Engineer: 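A single structure is presented below for examination.
This is a predicted model, so every value here is computed, not measured. Throughout, a chain's letter reflects where its sequence line sits, starting with A, and its residues are numbered from 1. Quick note: numbers below take in every heavy atom, side chains included, and nothing from hydrogens, waters or symmetry partners.
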There are 2 protein chains.
Amino acid sequence: MELSERRKKILSIVVEEYIETAEPVGSKTVLQRGCLSCSSATVRNDLAALEQEGYLEQPHTSAGRIPTAKGYRFYVNELMKEQKLTAEETEQINATLSSKIEELDKLMSDVGNLASELTHYPALAVTSGTPATIKRFDLIYIDQNTFIIVLLLSNNAVKNKLIHLPFSFEEDMIRRLSAVFNASFTGIKDDEITTNLIVSTERSVGDVMGLTSVIAGFAIDVLSSTKVSEGVISGSENLLKLPEFQDPTKAHKLMSYLSTSADFNNLPNLSPSGDVKVLIGPENVAEELKDSSVILASYDAGDNMKGIIGVVGPTRMDYSNVAAKLSYIAEGLSQLLGGSSRPPTGFGKLMIKGDDS
Amino acid sequence: MELSERRKKILSIVVEEYIETAEPVGSKTVLQRGCLSCSSATVRNDLAALEQEGYLEQPHTSAGRIPTAKGYRFYVNELMKEQKLTAEETEQINATLSSKIEELDKLMSDVGNLASELTHYPALAVTSGTPATIKRFDLIYIDQNTFIIVLLLSNNAVKNKLIHLPFSFEEDMIRRLSAVFNASFTGIKDDEITTNLIVSTERSVGDVMGLTSVIAGFAIDVLSSTKVSEGVISGSENLLKLPEFQDPTKAHKLMSYLSTSADFNNLPNLSPSGDVKVLIGPENVAEELKDSSVILASYDAGDNMKGIIGVVGPTRMDYSNVAAKLSYIAEGLSQLLGGSSRPPTGFGKLMIKGDDS
DNA sequence: AGTTAGCACTCGAACTTCCTGAGTGCTAAA
DNA sequence: TTTAGCACTCAGGAAGTTCGAGTGCTAACT
């Protein structure tokens with residue numbers, strides 16, 4: 001059954017008031033907060049009806065109402081007004097983004113910190129790669145025991161490793177290996193680097209010392225590591241300020257879930273690049289999150305990478321505000337990192353790809 | 001004045017009992033815990049005396065005694081017995097260390113996690129570099145807009161960056177630049193890369209497109225980044241299980257200090273490589289740590305790098321146990337990473353230097 | 001001088017009891 | 001369908017009470 005306009009309004013007030021105060025909302029409060037032209041008795045009737053329908057619940061008989069997960073969901077879907085960020089907020093986001101954008105290896109944790117600072121909730125930042133191939137293979141001869149492997153990947157990341165071996169080899173051998181690897185190991189995926197391939201490479205170069213397998217091993221490591229998602233959690237201490245986490249046991253449960261078992265490969269299963277997803281209370285799959293809400297926004301991290309930023313908080317979360325902020329950050333990141341439409345941002349900023357960890 | 005043997009024993013019992021239970025310790029408890037051949041009245045006299053001397057204090061008149069910072073300090077310096085780790089514990093440490101040692105970029109956070117799991121306290125892991133120089137410069141030409149810079153540093157780390165420019169250049173120019181940089185930019189520190197040096201390099205190669213300054217800029221970035229310390233904090237949620245942090249405000253204060261303002265450059269000012277340092281309560285400089293204790297152990301991370309692992313907890317901390325664990329971890333790390341005495345650990349493990357992030 | 005038994009005293013923690021008031025649901029009138 | 005009126009409920013805080021672990025002190029003992 002469709003809700004009457006007044007009931008929608010009342011539900012909306014209850015949700016917003018409860019988000020703000022964390023206290024059950026009574027008929028009187030609803031009246032004085034919203035500009036309704038009816039009496040408290042009417043509001044009471046409506047509150048009872050909304051409870052009947054499952055949008056609200058009562059902690060105990062003589063208390064006001066608090067929204068249920070269904071109530072929040074309805075609010076988020078139908079009632080919530082899009083919130084505009086203030087000029088300061090957009091300014092702060094812009095500043096952080098542009099100042100941090102050059103240090104790619106720290107980007108993830110910086111983005112997490114930004115999100116958690118802005119929202120005052122624990123924030124997560126995840127980057128998930130798509131399988132890459134090797135675009136270019138280089139071996140740099142250093143001395144008779146040492147050389148460097150440099151890999152340029154299809155996503156334009158550069159990976160390297162210094163190899164130091166207890167036996168010596170010729171510069172020429174390294175040069176030949178470099179050429180052969182460039183010929184046979186480029187453009188293929190990690191599981192295509194088979195023992196057969198390695199053995200045949202070994203033969204064709206005349207490598208009897210196992211250099212080939214060392215190099216191939218590194219290539220496999222690098223390629224398979226492009227597939228996994230990595231993530232960080234920032235600002236979980238923010239939970240402790242919230243009234244719902246005054247009980248240290250609760251706080252501990254959620255925090256240790258976040259810091260240990262939160263697996264980033266699994267969590268954000270659905271998320272079309274660009275928009276925002278809200279998971280309210282029991283909508284979360286993880287048992288530990290059943291009393292919490294999660295808001296996720298995804299962005300295009302360029303180089304075939306997808307990034308997700310998210311925020312974890314109590315179901316009583318300022319959905320509108322948080323969603324606006326995350327969405328703005330994600331948009332900014334997509335613009336700064338996304339491959340196609342990157343605006344030139346001055347000379348130094350042109351060097352934005354790479355791996356300077 | 002020197003403490004009598006019995007008073008030492010009593011102090012020791014009070015400290016250990018309080019560490020275990022977090023409850024003020026009374027004369028009766030002391031008696032039944034330790035094998036003292038005297039009556040509770042005697043113990044009471046001694047307790048009063050120890051309080052007089054400043055080793056103990058009373059939360060309120062009708063309660064037992066708890067150790068003061070001075071009491072803990074005396075205990076740590078004089079009374080504490082060195083604790084041997086159990087076989088399982090050393091086993092767990094060894095396993096984690098050897099399984100994790102190949103992923104150098106994640107090592108720090110892994111070590112932090114290990115320490116915090118073992119001790120059940122928040123743990124910090126810091127690596128501080130010593131200023132490095134460039135040992136070898138390589139530029140890899142990719143296409144007319146793109147090349148890779150590869151730097152081999154004096155500490156054997158390899159850094160790289162993909163440079164993509166909006167204008168084109170010749171392969172030969174890149175080759176010449178590579179040679180010139182190898183000649184003039186190796187062996188010098190970051191502040192020796194002056195505008196003069198850049199300009200004269202530019203002239204000598206005939207670079208009119210500013211390639212030189214792009215490359216030099218990257219070199220400066222890399223060299224100056226070797227000087228800073230980086231650190232991570234793991235497992236701060238462990239605080240919430242401790243009785244002294246049941247008050248969420250307290251927990252929040254310490255946790256946000258740890259996650260934000262804890263500056264790793266400053267904290268571990270003194271620490272001769274190898275042994276363990278204990279900072280008790282007010283001995284800490286940071287205001288936020290005055291009620292907590294910190295235990296630090298440093299290790300040799302090889303390549304001229306020093307690492308520190310530490311643990312933060314209440315003054316009521318199991319000093320003996322934590323110190324033993326940290327010391328064991330630090331020792332293991334030094335052995336695995338330290339330059340000189342590295343034992344061969346199988347073929348694959350020989351590739352332990354490098355930067356495969 | 002150091003140790004012990006005995007005893008009166010203290011005071012926080014925990015458990016009662018009581019009270020208050022915010023908020024309700026219901027009924028009857030508009 | 002809305003409203004005014006009213007009796008009812010019940011969590012949470014204030015005040016009072018009890019309980020007992022632990023103390024310090026004194027006086028006797030070794």
Engineer: Whole angstroms only, please: what is the CD-C1' distance between A:Gln58 and D:dT9?
Structural biologist: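 To the nearest whole Å, that distance equals 10 Å.
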Engineer: Students often get this wrong, so: under 4.0 angstrom with heavy atoms, is A:Ser27 touching a base, only sugar-phosphate, or nothing?
Structural biologist: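 Answer is sugar-phosphate: A:Ser27 comes under 4.0 Å of backbone atoms only.
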Engineer: What is the distance, to the nearest angstrom, from the CD atom on B:Glu57 to the P atom on D:dT23?
Structural biologist: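 Answer to the nearest Å: 14 Å.
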Engineer: Using whole Å, report how far CD1 of B:Ile10 lies from P of D:dT23.
Structural biologist: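 Going from CD1 in B:Ile10 over to P in D:dT23 covers 11 Å.
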Engineer: Give the rounded distance in Å between these two atoms: CG of B:Asp46 and P of C:dT3.
Structural biologist: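 Rounding to the nearest Å, CG of B:Asp46 and P of C:dT3 are 7 Å apart.
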Engineer: Of A:Asn238, A:Leu242, A:Ile295, which meets side-chain contact (heavy atoms from CB on, under 4.5 Å) against A:Tyr121?
Structural biologist: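 Exactly one candidate clears the test, A:Leu242.
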Engineer: Roughly, in whole Å, what's the span from CD1 in B:Ile66 to C1' in D:dG22?
Structural biologist: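 Rounded to whole Å, this separation is 15 Å.
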Engineer: Please report the interatomic distance CD(B:Gln246) to OG1(A:Thr249), rounded to the nearest 0.5 Å.
Structural biologist: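 It comes to 6.5 Å.
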Engineer: Can you figure out which of D:dA4, D:dA11, D:dG24 approaches the side chain of A:His60 most closely?
Structural biologist: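 Among D:dA4, D:dA11, D:dG24, the one nearest the side chain of A:His60 is D:dA11.
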Engineer: May I ask you to say what A:Ala63 touches in the nucleic acid, namely base, sugar-phosphate or nothing, with a heavy-atom cut-off under 4.0 Å?
Structural biologist: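 The answer is sugar-phosphate, as A:Ala63 gets under 4.0 Å only of primed atoms, P, OP1 or OP2.
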Engineer: Quick one: which of C:dT10, D:dG24, D:dA11 gets closest to the side chain of B:Thr61?
Structural biologist: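 Closest nucleotide among those given: C:dT10.
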Engineer: Could you check B:Ser259, B:Ser256, B:Ser236 and say which one makes a side-chain hydrogen bond (donor to acceptor under 3.5 Å, both in side chains) with A:Glu237?
Structural biologist: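 The side-chain hydrogen bond (donor to acceptor under 3.5 Å, both in side chains) with A:Glu237 is passed solely by B:Ser259 among B:Ser259, B:Ser256, B:Ser236.
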Engineer: Can B:Glu16 and B:Tyr75 be counted as having a side-chain donor-acceptor contact under 3.5 angstrom?
Structural biologist: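 Checked: B:Glu16/B:Tyr75 side chains pair up, N/O donor to acceptor below 3.5 Å.
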Engineer: Are OP1 or OP2 of C:dG23 and a side-chain N or O of A:Ser62 less than 4.0 angstrom apart?
Structural biologist: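 For C:dG23, neither OP1 nor OP2 has a side-chain N or O of A:Ser62 closer than 4.0 Å.
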Engineer: What I want to check is whether an N or O donor and acceptor connect the side chain of B:Arg44 with the base of C:dG6 at under 3.5 Å.
Structural biologist: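 Looking at the base of C:dG6, it does pair with a donor or acceptor on the side chain of B:Arg44 (distance under 3.5 Å).
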Engineer: Under 4.0 Å from OP1 or OP2 of D:dT2: is there any side-chain N or O of A:Arg6 that close?
Structural biologist: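 The answer is yes; a side-chain N or O of A:Arg6 sits under 4.0 Å from OP1 or OP2.
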Engineer: In this structure, how many angstroms lie between the C1' atom of D:dT23 and the CG atom of B:Leu56, rounded?
Structural biologist: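 Going from B:Leu56 (CG) to D:dT23 (C1'), I get 14 Å.
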Engineer: Rounding to a whole Å, what distance do you find between A:Glu23:CD and C:dG21:P?
Structural biologist: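 Value for this atom pair: 17 Å.
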Engineer: Do B:Tyr72 and B:Tyr319 have their ring centres less than 6.0 Å from each other?
Structural biologist: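 Ring centres of B:Tyr319 and B:Tyr72 closer than 6.0 Å.
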Engineer: Whole angstrom is fine here: how far is it from NZ in A:Lys28 over to C1' in C:dG25?
Structural biologist: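 Going from NZ in A:Lys28 over to C1' in C:dG25 covers 17 Å.
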Engineer: So, is B:Arg65 near the phosphate of D:dG22, with a side-chain N or O under 4.0 Å from OP1 or OP2?
Structural biologist: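 So the side-chain polar atoms of B:Arg65 never come under 4.0 Å of the phosphate oxygens OP1 or OP2 of D:dG22.
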Engineer: Kindly point out which of D:dA4, C:dT4, D:dT9 is positioned nearest to the side chain of B:Thr42?
Structural biologist: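 The nucleotide sitting nearest to the side chain is C:dT4.
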